[in-house]
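The structure is given below, and queries will be raised subsequently.
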Amino acid sequence: MIAQPKASHFIDGAYVEDTAGAAIDVIFPATGEVIARVHEATSAIVERALASAERAQKEWAKVKPVERARILRHAADLIRARNQELSELETLDTGKPIQETTVADATSGADALEYFAGLAPTVTGETVPLGRDFVYTIREPLGVCVGIGAWNYPTQIACWKGAPALAFGNAMVFKPSETTPLCTLKVAEILHEAGLPAGLYNVVQGRGAVGAALVTDKRVAKVSLTGSVPTGRKVYAMAAEGIRHVTMELGGKSPLVIFDDADVENAVGGAMLGNFYSAGQVCSNGTRVFVQKGIKDRFIKRLKERTEAITLGDPRDMATQMGPVVSAGQLEKTLGYIEAGKREGARLITGGKRAGGNDGFYVQPTVFADVTDDMTIAREEIFGPVMAVLDFDGEDEVVARANGTEFGLSAGVFTNDMARAHRVVGALDAGTCWINAYNLTPVETPFGGSKQSGVGRENSKAAIEHYTQVKSVYVNLGDVEAPF
Ligand code: NAD
């Protein structure tokens, strides 16, 4: 058990174990080895987590924002100082290459803590003059927030939800994905080491039922989920029962549109980043790559060459560019979609098979061309390293086809015609768009989906709206004019 944590849960400032909960084996996706075992939270654990969060939040709300900020800032510094160790754990938890985790996971979590530390003291209300009287507004915390995470970016998700929640005076109870339970415990440990009062960031382990117990608890004011659309529907409905605030960061099948006049190398690079980073397990991936017919042959030739040069291997090796997918289930799912692509007549350009030995969950980076809109691989989120290339002729046609999906998370455009770039992103249904880039998500930028891909935005100043509520105070400076 090379990655066994001190205990399964982190509650009220300390590690807590309760082996009465069902065991969850944590598997290193590169080898299939069991690296840790945690236990699902029992109802007693869920109760302890929520009770301590409720108690701690009441005091935290009274702490001056600059003081809250100082603690978050210190936590960011600790995360950066321990980036190597945290990245190694993230690699074991997820199978993502250390080349990625050292630059995109803990560091992105630290960015969020640093950013929201900076923002916390700037959040103020307003004064509304009404002649003799006036109104002032106060931005107040929501209370106890629940975060539920997906398995692709465990540290980042834990921080993207935790940082704004804590910065604005809330408490957080976080349930990581049962597939990747380890890194969030480290986030909790570091936050408390940085001076966060006990109870403000609790971590409980478990599958969907534990998430559901949190979402439906009366003490919970807000639920922020990162996960798939079907889970989002369930969690949103449960939260609605208690009229809770929600942020839903859900799945996608995002379009990446490449016009004839684009720089081929940049467009290929963007498409590869948007399909093969994290072995394709990124929600915002541009998995429907629409390529205008005039550039198609050149694009596919370079895409094939560059894809075949990807170094697939042990994610602990700094030279490895792509690791396995996260689990045996995700491997089967991805291979099933590859078979569907072949069966439905897409042209396999490269890849298309399981890779490595029988123990790791490796899939060859795979490209299909001549994909049509009705094919399964063009409609459903795969969440593995499988790119679908579709042809198009004109701008109006491609915009209509790009929007022809229930999802609306992200979109990208590659072109050297800037007027067209802005026109096209203006017409695309997506929460985040990139022009001549893909998958860059700095903390300063709002991130989230439209249509079925979600509600609410994470990061940026937009998060203030999602972790605070406004109180209006009417101040009467004269006599009360009552009609009776
Ligand atoms: P998932 O929907 O299976 O699980 C997400 C989380 O929800 C897990 O922690 C799970 O235990 C929990 N859960 C499941 N059922 C629940 C229930 N009934 N009540 C409460 N909680 C429940 O997703 P996943 O397979 O872990 O992650 C992959 C998905 O996440 C993909 O669809 C991907 O696009 C999406 N994702 C979205 C973003 C984003 O920011 N938009 C980021 C990363 C991943």
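Nothing here was measured: the structure is a model prediction, and the numbers come from that model. Start at 1 and go down the list; that is how both ligands and their atoms are numbered. The first residue of the sequence shown is numbered 1, and numbering continues consecutively from there.
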Q.
Quick check on side chain to side chain donor-acceptor pair (under 3.5 Å): which of Glu458, Lys222, Arg457 does Thr247 satisfy it with?
A.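 Of the listed residues Glu458, Lys222, Arg457, the side chain to side chain donor-acceptor pair (under 3.5 Å) partner of Thr247 is Lys222.
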
Q: Tell me, please, which residues at least two apart from Gln330 pass side-chain contact (heavy atoms from CB on, under 4.5 Å).
A: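 If we apply the side-chain contact (heavy atoms from CB on, under 4.5 Å) test to Gln330, skipping adjacent residues, the hits are Trp151, Gln281, Val325, Val326, Ser327, Lys333, Thr334, Phe383.
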
Q.
Taking side-chain contact (heavy atoms from CB on, under 4.5 Å) as the definition, give me every residue that meets it alongside Ser87, ordered by chain and number, with sequence neighbours left out.
A.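 Result, side-chain contact (heavy atoms from CB on, under 4.5 Å) vs Ser87: Asn83, Ile98, Thr101, Thr102.
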
**Q.** Shell of residues surrounding ligand 1, defined by a 4.0 angstrom heavy-atom cut-off that is strict
**A.**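 These residues qualify: Ile148, Gly149, Ala150, Trp151, Asn152, Lys175, Pro176, Ser177, Glu178, Arg207, Gly208, Gly211, Ala212, Leu225, Thr226, Gly227, Ser228, Thr231, Val235, Met238, Glu249, Leu250, Gly251, Cys283, Glu381, Phe383, Leu409, Phe447.
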
Q | Value rounded to 0.5 Å, distance of CD in Gln99 from CD in Gln321 | A |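 Answer rounded to 0.5 Å: 5.5 Å.
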
Q | Partners passing salt bridge (charged side-chain N to carboxylate O under 4.0 Å, His left out) against Arg139 (at least two apart in sequence or in another chain) | A |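 In terms of salt bridge (charged side-chain N to carboxylate O under 4.0 Å, His left out), with neighbours along the sequence ignored, Arg139 is linked to Glu465.
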
Q: Enter the distance from Ser8:OG to Glu17:CD here, rounded to the nearest 0.5 Å.
A: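 Rounded to the nearest 0.5 Å, the OG-CD separation comes out at 3.5 Å.
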
